[in-house]
Amino acid sequence: YEPEQFSAAYQPLYNLQTGAFSGVEVLSRWNSPELGTVPPDEFIALAEARGLINLHSARMFALIERDVLSWCSWEKGFKPILAVNVSVQQIDDEAFKALILTLNNKVKAANWQLELEVIESQLMTLSDTVIEQFTQWRELGIRIAIDDFGTGYSCLAYLHSLPIDKLKIDRQFLQTQTQSRKEDQIIYAILSMANALGIEVLAEGIETPEQFERLRQLGCQTGQGYGLARPQPWHQRLMAPLKDL
Ligand code: C2E
Ligand code: CA
Ligand code: CA
């Protein structure tokens, strides 16, 4: 594992109703001298299989500290979200938990809020250990998000018993064209349910002004996507509010 071959891209998250910047998601990039640019969908699985995923997290956390956590002069009360992707196997790993505690202290000191994203389909084997760990993290002010929500075999029954703060609706729900509005009904149902449970909803993969408008009208609170801003190297401009698409 060569840490310097890995970089971080940051994709802003926005409040869709006001256009305000609400945080960033950190996405890993591997620039391999032999293989070129390898997408995370490929190398994360490799890192997991080879037992390198904690080393990789440590690298990403160091980049976050360097890039993001030097920005902490917000208007009173505003704490943007720093969202980090977590592999399910890391949740009850002692070394990873130590990394998270250290990161969380730095994130809090810089007036950001740490959010851990776990992919829904990986949570299907949800154990008491995972629930217990989520509960402990939340007591420390760490937020928990379910990623790619709606893919795989969603079991809505688990939502009320799961200590979570956010659902990230997978981008497949935005993909159909305007004539079929079934997806709107599904998104609306997810929003109503999440609302009743006090869980925030974020829509992923917003690419067009039409999608943006649909989500706003459905009442979706937050979103991200290429049409709003692409994942990119850290820059202060990432924290600017959304201009009209
Ligand atoms: P994800 O967490 O669902 O991240 C969002 C992915 O969707 C990113 O791909 C992002 O570039 C892409 N995306 C964002 N907006 C749009 C859009 O409008 N349209 C489309 N078509 N795509 C959009 P990326 O960066 O290739 O990451 C792929 C996946 O790799 C992530 O999916 C995440 O699950 C995983 N991943 C990335 N970094 C890490 C990491 O450090 N640790 C772990 N465990 N997983 C990671
Ligand atoms: Ca994610
Ligand atoms: Ca996702």
Side-chain angles (χ1 to χ4, degrees), residues 1 3 5-14 16 22-32 36-65 67-68 81-91 93 95-96 99-100 103 114-123 143-152 154 164-176 190 200-212 214-215 220 222-234 238 242 245:
Y1 185 84
Q5 292 180 8
F6 294 85
S7 57
Y10 301 93
Q11 187 173 36
L13 318 174
Y14 296 100
L16 297 180
S22 68
V24 287
E25 176 175 2
V26 187
L27 295 159
S28 306
R29 298 289 177 256
W30 181 16
N31 314 298
S32 160
T37 307
V38 183
D41 290 323
E42 290 168 28
F43 73 77
I44 293 293
L46 208 66
E48 288 171 357
R50 299 209 185 150
L52 297 169
I53 193 72
N54 286 342
L55 263 183
H56 179 66
S57 293
R59 165 66 177 169
M60 299 313 289
F61 295 177
L63 292 171
I64 289 168
E65 207 183 328
D67 296 340
V68 184
I81 285 170
L82 180 89
V84 171
N85 292 287
V86 170
S87 304
V88 76
Q89 70 189 65
Q90 294 182 293
I91 295 172
D93 180 291
F96 181 73
L99 286 175
I100 287 293
L103 178 68
L114 183 59
E115 186 168 273
L116 305 181
E117 299 190 359
V118 188
I119 292 175
E120 184 192 31
S121 57
Q122 296 192 343
L123 281 179
R143 294 165 52 100
I144 307 289
I146 303 297
D147 207 351
D148 299 355
F149 182 75
T151 59
S154 308
I164 57 167
D165 300 283
K166 183 188 276 183
L167 295 178
K168 298 190 74 171
I169 306 183
D170 192 74
R171 62 174 176 269
Q172 77 178 44
F173 290 106
L174 295 188
Q175 259 153 22
T176 45
I190 295 174
E200 186 191 326
V201 174
L202 178 142
E204 297 186 308
I206 303 173
E207 293 181 352
T208 67
E210 291 73 30
Q211 292 169 338
F212 178 70
R214 270 164 76 192
L215 289 160
C220 187
T222 53
Q224 72 190 103
Y226 292 167
L228 309 180
R230 290 197 168 244
Q232 52 198 285
W234 179 256
L238 286 176
L242 195 61
L245 276 166

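FYI, the numbering just counts along the sequence from 1. In each ligand, atom 1 is the first atom listed, and ligand 1 is the first ligand listed. Not measured: the values here are computed from a predicted model. We use all heavy atoms of the structure for the numbers below, so side chains are in, but hydrogens, waters and symmetry mates are not.
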key: Protein non-hydrogen atom found under 4.0 Å from atom 32 (O) of ligand 1   =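 Within 4.0 Å: no protein heavy atom nearby.
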key: Distance flag for atom 9 (O) of ligand 1, protein heavy atom under 4.0 Å   =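 Given the 4.0 Å limit, the answer for atom 9 (O) of ligand 1 is no, no protein heavy atom qualifies.
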So which atom in [X] and which in [Y] form the shortest heavy-atom distance, rounded to 0.1 Å?
{"X": "G150", "Y": "E120", "result": "N-OE1, 3.0 Å"}
{"X": "S32", "Y": "V38", "result": "CB-CG2, 4.3 Å"}
{"X": "A8", "Y": "V26", "result": "CB-CG1, 4.0 Å"}
{"X": "P12", "Y": "R230", "result": "CD-O, 4.2 Å"}
{"X": "L242", "Y": "F212", "result": "CD2-CE1, 3.7 Å"}
{"X": "L238", "Y": "P233", "result": "CD1-O, 3.9 Å"}

Looking only at atom types and distance, does a side-chain atom of [X] sit under 3.5 Å from a main-chain N or O of [Y], one as donor and one as acceptor?
{"X": "D165", "Y": "I144", "result": "yes"}
{"X": "S87", "Y": "Q90", "result": "no"}
{"X": "T222", "Y": "L16", "result": "no"}
{"X": "E42", "Y": "P39", "result": "no"}

Is ligand 1 under 4.0 Å from a heavy atom in the side chain of [X], in the backbone, in both, or in neither?
{"X": "K168", "answer": "neither"}
{"X": "I119", "answer": "side chain"}
{"X": "E25", "answer": "side chain"}
{"X": "P231", "answer": "side chain"}

inquiry  = Restricting to N, O or S, what is the name of the atom of E117 that lies nearest the Ca ion (ligand 2)?
reply    =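 Looking only at N, O and S atoms of E117, the one nearest the Ca ion (ligand 2) is named OE1.
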query = What N/O/S atom of E25 gets nearest to the Ca ion (ligand 2)?
reply =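 Of all N, O or S atoms in E25, the Ca ion (ligand 2) lies closest to OE2.
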Looking at [X], which atoms of ligand 1 are within less than 4.0 Å of one of its heavy atoms?
{"X": "R29", "result": "11 (O), 24 (P), 25 (O)"}
{"X": "E207", "result": "17 (C), 18 (O), 19 (N), 20 (C), 21 (N)"}
{"X": "G225", "result": "15 (N), 18 (O)"}
{"X": "D41", "result": "28 (C), 29 (C), 30 (O)"}
{"X": "I44", "result": "39 (C), 40 (C), 42 (N), 43 (C), 44 (N), 45 (N), 46 (C)"}
{"X": "H56", "result": "41 (O)"}

Can you check which of [options] brings a heavy atom nearest to [atom]?
{"atom": "atom 2 (O) of ligand 1", "options": "V88, D147, V118, V84", "result": "D147"}
{"atom": "atom 6 (C) of ligand 1", "options": "E204, R59, Q11, R171", "result": "R171"}
{"atom": "atom 3 (O) of ligand 1", "options": "I53, N85, D148", "result": "D148"}

To which protein heavy atom is [atom] closest, and what is the distance rounded to 0.1 Å?
{"atom": "atom 40 (C) of ligand 1", "value": "S28 OG, 3.3 Å"}
{"atom": "atom 37 (C) of ligand 1", "value": "P40 CB, 3.6 Å"}
{"atom": "atom 5 (C) of ligand 1", "value": "L27 CD2, 4.3 Å"}
{"atom": "atom 18 (O) of ligand 1", "value": "Y226 N, 2.7 Å"}

request  = Measure up the F61 and F96 rings against each other and bin them: parallel (under 30°), tilted (30 to 60°), perpendicular (over 60°).
outcome  =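 Plane angle between 30° and 60°, so tilted.
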message = So, regarding Q224 and ligand 1 (criterion: nitrogen or oxygen to nitrogen or oxygen, under 3.5 Å), is there a contact or not?
response = no
task = Looking only at distances, please establish whether an N/O atom of ligand 1 is found under 3.5 Å from an N/O atom of S87.
result =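 Such a contact does occur with ligand 1.
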query = For the Ca ion (ligand 3), does an N/O/S atom of D147 lie at less than 3.0 Å?
reply =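 Coordinating: yes.
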message = Among the N/O/S atoms of E204, which is closest to the Ca ion (ligand 3)? Give the atom name.
response =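 For E204, the N/O/S atom sitting closest to the Ca ion (ligand 3) is OE2.
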ask   = Which single N/O/S atom of D148 lies at minimum distance from the Ca ion (ligand 3)?
value = OD1
ask   = Side chains of N85 and E25: donor-acceptor distance under 3.5 Å anywhere?
value = yes
ask   = Do L82 and V24 come within less than 4.5 Å of each other through their side chains, counting heavy atoms only?
value =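 L82 vs V24: side chains touch.
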inquiry  = Any salt bridge linking K168 with E115? Criterion: basic side-chain nitrogen under 4.0 Å from a carboxylate oxygen.
reply    =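 Result for this pair is no, no salt bridge flagged.
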ask   = Out of R59, M60, H56, which one pairs with P3 under the side chain to side chain contact (heavy atoms under 4.5 Å, CB included) rule?
value =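 Single pass found, and it is R59.
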